[in-house]
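Working notes, beginning with the structure itself.
Position 1 is the first residue of the sequence, and the numbers go up from there. Below, each value reflects all heavy atoms present in this structure, side chains not excepted, and no hydrogens, waters or symmetry copies. Ligands are counted one by one from 1 in listed order, and the atoms in each one are counted from 1 as well.
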Amino acid sequence: LTKASLDNIKQTDGDLQAFLRTTDDQALQAAKSIDQAGDFNDVLAGIPMGLKDNISTEGQETTGASHILEGFKPVYNATVVKKLQDAKAISLGKLNMDEFAMGGSTETSYYKKTTNAWDHNKVPGGSSGGSGAAVAAGQVPYALGSDTGGSIRQPAAFNGIVGLKPTYGRVSRFGLFAMASSLDQIGPLTRSVKDNALVLNAIAGFDKWDSTSVDTEVPDYTKNLGKGVKGMKIAVPKEYFGEGIDPEVAAKVRAGIAQLEALGATVDEVSLPHTRYGVAAYYITMSSEASSNLQRYDGIRYGFRAPDAKNLEEVYTKSRSEGFGNEVKRRIMLGTFALSAGAYDDFFKKAAQIRTLIIDDFNKVFDQYDLIVGPTTPTPAYGLGEEIGDPKAMYMGDVLTIPVNLAGLPGLSINAGFSKDGMPIGLQMIGKAFDEATIYQAAQAFE
Ligand code: GLN
């Protein structure tokens with residue numbers, strides 16, 4: 001299976017460009033030792049997968065798709081990698097992404113442009129675009145991505161697969177390149193809901209190496225599968241069908257909601273009134289945290305150093321000028337500004353206050369409902385090159401995924417059908433904190 005999968009990647013990745021690099025020798029070696037031991041007790045044993053390139057793998061190049069980390073080989077594994085290795089999973093390599101997970105189309109990668117699995121002229125979404133495309137194209141049955149403002153759910157929507165952002169604190173961030181530490185979560189992208197639950201089973205849990213990891217019991221996430229949605233109370237926020245939502249997206253998602261209702265769920269319209277402030281609050285919060293996290297890339301400690309720097313000052317400035325791409329620089333500048341003495345109260349603090357209002361919006365709805373359902377993204381996947389020159393348009397594409405990160409909640413995207421020109425449309429299910437099992441239950445009924 002490992003060999004066949006690696007061969008298949010060689011045949012299909014010319015068009016897709018999902019993998020930054022495959023690790024054939026290590027994968028085949030791992031497969032051989034599992035074969036020899038005959039140890040297939042774990043459901044994931046011997047099953048190939050791929051990892052987003054911001055997840056550290058010991059001794060294997062991990063770049064976050066940035067030039068500044070070219071050649072960098074981490075000296076330890078991320079906790080999720082260790083857990084998957086313990087489950088005898090086999091990594092086939094590292095998947096393309098937006099540079100440091102900043103973007104929504106995988107076009108800010110320093111290395112290559114990945115294409116959508118359904119149309120090679122369209123973007124795969126991002127920032128986990130390599131993960132989304134690889135799973136949808138059948139290169140791997142599952143991949144891990146990371147989601148700070150939508151980066152698992154949006155590429156899942158754009159490629160017609162299942163992507164889950166777990167509750168903040170559910171999956172260890174240890175060994176994940178920090179983008180915005182209060183928002184980042186690792187999660188699975190799969191072709192079915194059950195697969196997704198099985199992978200979450202393997203990667204979830206408390207980790208003493210991540211101080212924001214939460215020490216609560218990990219249920220069996222497959223426990224509610226097959227139970228259906230009879231009696232489930234579903235809330236549909238009116239703001240999720242407002243301005244800027246493509247009519248085809250709205251129609252397919254509404255049809256999906258009607259299907260849940262036909263299966264026995266009760267559906268009511270609700271309001272999440274602060275939704276429209278989410279994008280602004282997110283881009284300030286995320287940039288501020290990112291500008292601080294990215295200080296470590298100074299040309300000294302990791303990866304790339306400008307070859308012609310003549311003194312220490314130049315090592316910093318030239319390595320960063322040459323090592324970071326435009327989107328990363330934009331966010332470092334925005335975040336540094338938002339945190340500066342004169343701007344802090346007007347920007348960072350305001351964003352934090354809005355974040356609290358958004359959390360309150362969700363709390364009110366979850367007092368009465370089990371699940372919130374709406375679209376994952378305002379539009380299906382667009383053409384390569386179409387939005388990359390217009391950051392504000394790109395940022396607005398995150399309007400429906402961002403609030404979930406700001407509130408730390410779990411969210412899943414599942415396919416709800418296709419647009420007239422054949423592109424997948426994602427339906428998003430948002431759950432209560434640590435209630436991924438209910439999301440899976442409803443998503444599987446929908447499947
Ligand atoms: N598209 C969003 C951004 O560019 C989300 C990124 C993410 O979730 N990593 O910030």
If you count the atoms of ligand 1 from 1 in the order shown, which ones are under 4.0 Å from a heavy atom of A101?
6 (C), 7 (C), 9 (N)

Using a strict 4.0 Å cut-off to heavy atoms of G149, name the atoms of ligand 1 that fall inside it.
5 (C), 7 (C), 8 (O)

If you measure only the distance, is there a donor-acceptor pair under 3.5 Å linking the side chains of T438 and K432?
no

Answer yes if the ring centres of Y382 and F158 are under 6.0 angstrom apart, and no otherwise.
yes

Specify the protein heavy atom at minimum distance from atom 6 (C) of ligand 1: its residue, its atom name, and the distance to 0.1 Å.
S151 OG, 2.8 Å

Just say parallel, tilted or perpendicular for the rings of F177 and F72, cut-offs at 30° and 60°.
tilted

Among all protein heavy atoms in this structure, tell me which lies nearest to atom 2 (C) of ligand 1, with the distance rounded to 0.1 Å.
D398 OD2, 3.1 Å

For D147, counting its heavy atoms only, list the atoms of ligand 1 lying under 4.0 Å from any of them.
8 (O)

Side chain, backbone, both or neither: which part of Y395 comes within less than 4.0 Å of ligand 1 when only heavy atoms are counted?
neither

If we number the atoms of ligand 1 from 1 as shown, the ones under 4.0 Å from a heavy atom of G150 are 8 (O)

Could you tell me, atom by atom, which parts of ligand 1 come under 4.0 Å of a heavy atom of M179?
9 (N), 10 (O)

Going by atom types alone, do K52 and S127 pair a side-chain donor with an acceptor below 3.5 Å?
yes

